[in-house]
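Here it is, the structure in full.
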Amino acid sequence: MYERKPPAPTAARPRPPAHPLVRALAMLAAFAGTVLFSIALARVTLEPSAASAALVHSNVHPGASVGAYLDGASVKDAAKQLGGNVLLGVPFGVLLPVLVPPGAREGAP
């Protein structure tokens with residue numbers, strides 16, 4: 001006879017935003033973690049390694065030192081310098097979604 005089909009699944013309702021106090025505490029903890037992380041990485045990356053001592057100079061052209069690190073230093077030292085510099089920015093990428101709600105970002109669904 002007639003076979004009955006199960007009802008179509010309904011779209012999950014979005015979760016309501018967290019309580020403002022919980023959100024503020026999470027943001028404060030993320031900010032404190034970012035500061036501590038940045039201090040630790042700055043101590044590691046702002047001390048020139050022996051291989052890059054000759055490359056230490058004021059950098060007024062962003063990205064100009066990347067080529068110098070890749071050309072003059074060993075692969076290991078270049079990876080340490082460049083990787084440390086990239087890692088310095090990671091916490092800010094984690095904090096951005098906390099600081100800027102999804103509805104305020106351009107192109108957000």
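Values below: every heavy atom of this structure, side chains too, minus hydrogens, waters and symmetry copies. Throughout, numbering of the chain's residues begins at 1 and tracks the sequence.
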Leu82 meets the side-chain contact (heavy atoms from CB on, under 4.5 Å) criterion, sequence neighbours left out, with Val66, Tyr69, Leu70
Using a 4.5 Å side-chain heavy-atom cut-off and chaining through intermediate ILVMFWY residues, the residues clustered with Leu21 come out as Leu25
side-chain contact (heavy atoms from CB on, under 4.5 Å) filter on Val35, not counting sequence neighbours, yields Phe31, Ile39
